[in-house]
Amino acid sequence: MTVKTMDALLVKKCFLSGAAAIQAKKEYINELNVFPVPDGDTGTNMTMTIQSAANEVAAIENPNMEDICKAISGGSLRGARGNSGVILSQLLRGFTKVIQKSEVIHVNTLVQGFEKAVDSAYKAVMKPKEGTILTVAKGGAVKAAKIAKECDDLVGFADKVIEEMRRVLNQTPEMLPVLKEAGVVDSGGEGLVTILEGMRDALMGKEIDYEQALQPATEGSAEVRGASAGGISTEEIKFGYCTEFIIQLDRGFSSTDESEMKKYLQGIGDSIVCVADEDIVKIHVHTNDPGLAIQKGLSYGELSRMKIDNMREEHNERVILSSQSQKETAGQTEKALQDQKQEQPRKEAGFISVSAGDGLSTIFKELGVDVVIEGGQTMNPSTEDILEAVSQVNADTVYVFPNNSNIILAANQAKALTEDKDIRVIPTKNIPQGINAMIHYMDGSSAEENEESMTEAIGQIKCGQVTYAVRDTSIDGKEIKQGDLMGLSDKTIETVGHDIQETTVELVRRLMEEETELVTLYYGKDVSEEEADRMAEAVSGLREDIEVEVEYGGQPIYYYFISLE
């Protein structure tokens with residue numbers, strides 16, 4: 001079969017066919033992931049990204065090239081999830097920029113589109129790594145340019161380009177040792193080739209089940225909301241007053257003073273924050289006697305920005321509001337939210353955090369986060385989810401904490417698509433980093449100063465996670481079987497075991513440094529409070545001079561998130 005041009009209708013069919021192809025193969029692509037952690041996987045993220053665009057493309061009844069390109073570019077940008085999804089959206093965005101003004105597409109148009117696609121994708125990644133989807137895309141673009149003059153048949157052209165991309169994909173284990181050790185090719189590259197193979201099928205006139213390309217409207221959306229305490233009774237709130245203030249120091253505040261202040265606050269409450277920055281100290285504590293915290297603060301200087309909230313009263317109000325909102329129609333709820341947003345005066349700074357687990361969401365809310373996007377590890381929020389959260393924050397500057405390395409690109413993409421607010425993405429790769437960054441925000445400092453201090457705060461702690469393996473693999477010299485427990489650092493899998501306590505304690509031991517003073521354990525929904533307390537005792541046994549704090553996180557999948565400072 002010979003095809004020398006593509007019109008808008010054929011482009012639509014090819015795109016939907018590509019989306020259907022990766023949908024059918026997404027689980028296989030997921031299995032290619034090197035790290036066997038139960039996170040949002042490559043196949044799932046790429047599928048949901050392209051399906052977001054496919055929904056818009058399918059809705060165009062009488063397609064022209066410009067409308068199709070807008071749907072592909074806009075839909076994939078807003079629906080992009082995970083690093084692989086963002087890169088795919090940038091490939092599609094670059095490609096559509098070239099073809100959108102064409103009535104029909106020839107081989108030369110495709111060559112220019114491929115080159116622009118690769119250029120856009122490489123620019124979107126701060127530190128491009130070869131042996132990935134980027135390398136596979138570049139291999140296809142180079143091959144396309146070489147054969148353009150000798151091939152005017154789009155089917156034959158597509159065959160040769162895909163063949164070359166498959167060849168490059170098979171070479172990715174030689175470019176990235178971690179792929180070679182695991183015995184797999186790059187999963188993102190496999191996803192890209194799969195999409196192009198599906199497009200070629202439609203180009204050849206094959207019968208395609210286009211319904212596979214479409215995503216149900218309710219599937220895959222992260223929940224964007226303020227942290228709720230609806231499932232907590234007031235009896236479970238041990239300390240009733242959330243107390244915050246700034247100390248304007250009239251004398252020095254040494255590391256000894258800081259330790260003494262923290263120890264004092266621990267004696268009267270929990271959820272303690274004590275951060276010194278030159279001539280000011282930020283204090284946050286949950287206590288039943290705010291006056292004690294205030295008196296202690298006054299011994300160091302004058303107090304400002306004092307704020308005391310009755311958490312039991314706020315909890316009851318939330319429960320009432322939650323009950324009322326469940327009875328409202330969707331339209332009434334939306335109107336109420338809009339009216340509420342209009343009534344609130346615009347503030348200088350607002351905060352958005354990605355979270356997973358009711359306990360962690362509550363922690364972020366208590367630290368001042370305006371909107372929590374519940375998704376995180378197992379469901380990476382899309383660019384559109386982040387944009388929705390941004391729209392809910394009535395502030396000049398909005399700080400975004402992705403709290404996952406696989407969400408940072410989507411957050412940056414949301415930043416690029418926002419014009420009416422100054423978006424500052426703090427590149428937090430996990431929950432403890434997000435908490436520490438939020439703690440280091442200082443009222444009165446400029447956006448630039450806060451961005452710098454919060455970014456620096458990320459590097460001031462070491463972080464770990466404990467979860468289980470979802471597949472067999474070999475990595476960093478470790479043979480891992482499905483179901484094994486893993487202790488993870490930011491860089492690698494530190495330890496593998498079969499007992500949660502042994503694996504967690506060993507992970508902390510490996511992460512601990514001589515200057516480590518505090519270990520915080522955020523325990524997940526599959527860990528009881530009693531088990532977490534026993535874990536704290538075991539960790540305390542590693543060294544006599546360290547403090548161990550336990551916080552309820554409620555996160556799924558991960559037994560513990562760990563912070564060492």
Nearest heavy-atom neighbours spanning C463 and P432: SG-CB, 3.8 Å

Determine yes or no for a side-chain-to-main-chain donor-acceptor pair under 3.5 angstrom, with N33 supplying the side chain and N30 the backbone. yes

Compute whether any side-chain donor of one residue and acceptor of the other, for T520 and E551, lie under 3.5 angstrom apart. no

Would you give the length of the straight line joining atom CZ of R251 to atom OG of S299, rounded to the nearest 0.5 angstrom? 6.0 Å

Considering non-hydrogen atoms only, spot the tightest contact between Q555 and A356 and give its length. CB-O, 3.1 Å

Should P427 and I458 count as side-chain neighbours, where that means a heavy-atom distance under 4.5 Å? yes

For residues E506 and E502, determine if any side-chain heavy atom of one lies less than 4.5 Å from a side-chain heavy atom of the other. no

Under 4.0 Å between a side-chain nitrogen and a carboxylate oxygen: does that hold for E547 and K263? no

Do T428 and N403 have a side chain donor and acceptor closer than 3.5 Å? yes

Keeping the roles fixed (side chain from S52, backbone from T49), state whether a donor-acceptor pair exists under 3.5 Å. no

Does I363 offer a backbone N or O that forms a donor-acceptor pair with the side chain of E366 under 3.5 Å? no

Which heavy atom in A410 sits nearest to a heavy atom in T383, and how many Å separate them? O-OG1, 3.6 Å

Please report the shortest heavy-atom distance between Q90 and A124, naming the atom on each side. CG-CB, 3.6 Å

Salt bridge D41-R81, side-chain N to carboxylate O under 4.0 Å: no

According to the interplanar angle, ranging from 0 to 90°, do the rings of F351 and Y441 count as parallel (below 30°), tilted (30 to 60°) or perpendicular (above 60°)? perpendicular

Kindly write out the residues that satisfy side chain to side chain donor-acceptor pair (under 3.5 Å) with K129, not counting sequence neighbours, or none if the list is empty. none

Take atom CD in E130; do more than 12 heavy atoms of anything else shown fall under 6.0 Å from it? yes

How far apart are the C-alpha atoms of Y559 and Q465, what are their side-chain angles, what is the distance that settles it, and do they pass the side-chain contact (heavy atoms from CB on, under 4.5 Å) test? CA-CA 8 Å; Y559 301 110; Q465 305 169 19; over 6 Å; no

Measuring from Y523:OH to E529:CD, what's the distance to the nearest 0.5 Å? 4.0 Å

Would E451 and T397 count as a side-chain contact (heavy atoms from CB on, under 4.5 Å) if you check the C-alpha gap in whole Å, the side-chain angles of each, and the deciding distance to 0.1 Å? CA-CA 11 Å; E451 182 177 17; T397 301; over 6 Å; no

Between Y522 and Y560, ring centroids under 6.0 Å: no

side-chain hydrogen bond (donor to acceptor under 3.5 Å, both in side chains) between S489 and E494, worked out: CA-CA 6 Å; S489 67; E494 297 285 348; 2.8 Å; yes

List the atom of A293, the atom of V285, and the distance in Å for their closest heavy-atom pair. CB-CG1, 4.0 Å

Let me see the working for S187 and T42 under side-chain hydrogen bond (donor to acceptor under 3.5 Å, both in side chains), right down to the final yes or no. CA-CA 6 Å; S187 55; T42 301; 3.1 Å; yes

Distance (rounded to the nearest 0.5 Å) between T287 OG1 and I294 CD1: 10.0 Å

Expected output: side-chain N45 to main-chain S84 donor-acceptor under 3.5 Å: no

Would you sort out whether D186 and T132 count as a side-chain hydrogen bond (donor to acceptor under 3.5 Å, both in side chains), showing the intermediate values? CA-CA 6 Å; D186 177 68; T132 65; 5.4 Å; no

Got L134 and V125 here, is their nearest side-chain heavy-atom distance under 4.5 Å? yes

I'd like to know whether T503 forms a side-chain contact (heavy atoms from CB on, under 4.5 Å) with V496, so could you lay out the CA-CA distance, the side-chain angles of the two residues, the decisive distance to 0.1 Å, and finally the verdict. CA-CA 7 Å; T503 304; V496 179; over 6 Å; no

By salt bridge (charged side-chain N to carboxylate O under 4.0 Å, His left out), K347 pairs with (sequence neighbours left out) D370

Checking side-chain polar atoms at under 3.5 Å, does S254 have a donor or acceptor matched by the opposite partner on D257? yes

Might you work through the side-chain contact (heavy atoms from CB on, under 4.5 Å) test for Y241 and D289, ending with a clear yes or no? CA-CA 7 Å; Y241 295 94; D289 193 339; over 6 Å; no

Are the side chains of L564 and I461 in contact, using a 4.5 Å heavy-atom criterion? no

Nearest non-hydrogen partners of F245 and G297, listed with the distance: CE1-CA, 4.1 Å

E302 atom CD, neighbour heavy-atom count above 12 within 6.0 Å: no

Considering residues, nucleotides and ligands other than E517, do more than 12 of their heavy atoms fall under 6.0 Å from its CD? no

Within-4.5 Å side-chain heavy-atom neighbours: F364 and I435: yes

Any side-chain to backbone donor/acceptor pair from T455 onto E452? Under 3.5 Å, distance only. no

Answer yes if the side chains of E531 and S528 hold a donor-acceptor pair under 3.5 Å, and no otherwise. yes

Salt bridge (charged side-chain N to carboxylate O under 4.0 Å, His left out) involving D545 - partner list, sequence neighbours excluded: R543

Between the side chains of N430 and D490, is a donor N or O closer than 3.5 angstrom to an acceptor N or O? yes

NZ/NE/NH1/NH2 to OD/OE distance under 4.0 Å, E530 and R534: no

Kindly compute the distance separating CD1 (I431) from CG (L360), expressed to the nearest 0.5 Å. 5.0 Å

With heavy-atom distances below 4.5 Å as the criterion, would you say the side chains of I246 and I283 are in contact? no

Tell me, do V519 and S563 make a side-chain contact under 4.5 Å, heavy atoms counted? no

For a 4.5 angstrom cut-off between non-hydrogen side-chain atoms, does S353 reach I373? no

I'd like to know whether the aromatic ring centres of Y300 and F253 sit less than 6.0 Å apart in this structure. yes

Could you give me the CA-CA distance, side-chain angles and deciding distance for D385 and S382, then say whether side-chain hydrogen bond (donor to acceptor under 3.5 Å, both in side chains) is met? CA-CA 5 Å; D385 292 328; S382 67; 3.2 Å; yes

Nearest 0.5 angstrom please: N436 CG to E456 CD, how far? 11.5 Å

The test is salt bridge (Lys or Arg N to Asp or Glu O under 4.0 Å); show your working for R424 and E448 and say whether it passes. CA-CA 9 Å; R424 305 276 173 153; E448 290 75 16; 2.9 Å; yes

Just how far is it from atom CG of L387 to atom CG of L77, taken to the nearest 0.5 Å? 9.5 Å

Any side-chain donor-acceptor pair under 3.5 Å between S355 and S361? yes

Quick one about Y552 and D358 (side-chain donor to acceptor, distance below 3.5 Å, no hydrogens or angles considered), yes or no? yes

Using modelled atom types and a 3.5 Å cut-off, is there a donor and acceptor pairing between side-chain atoms of K478 and backbone atoms of I493? yes

With the threshold set at 4.0 Å, does a side-chain nitrogen-carboxylate oxygen contact exist between K421 and D396? no

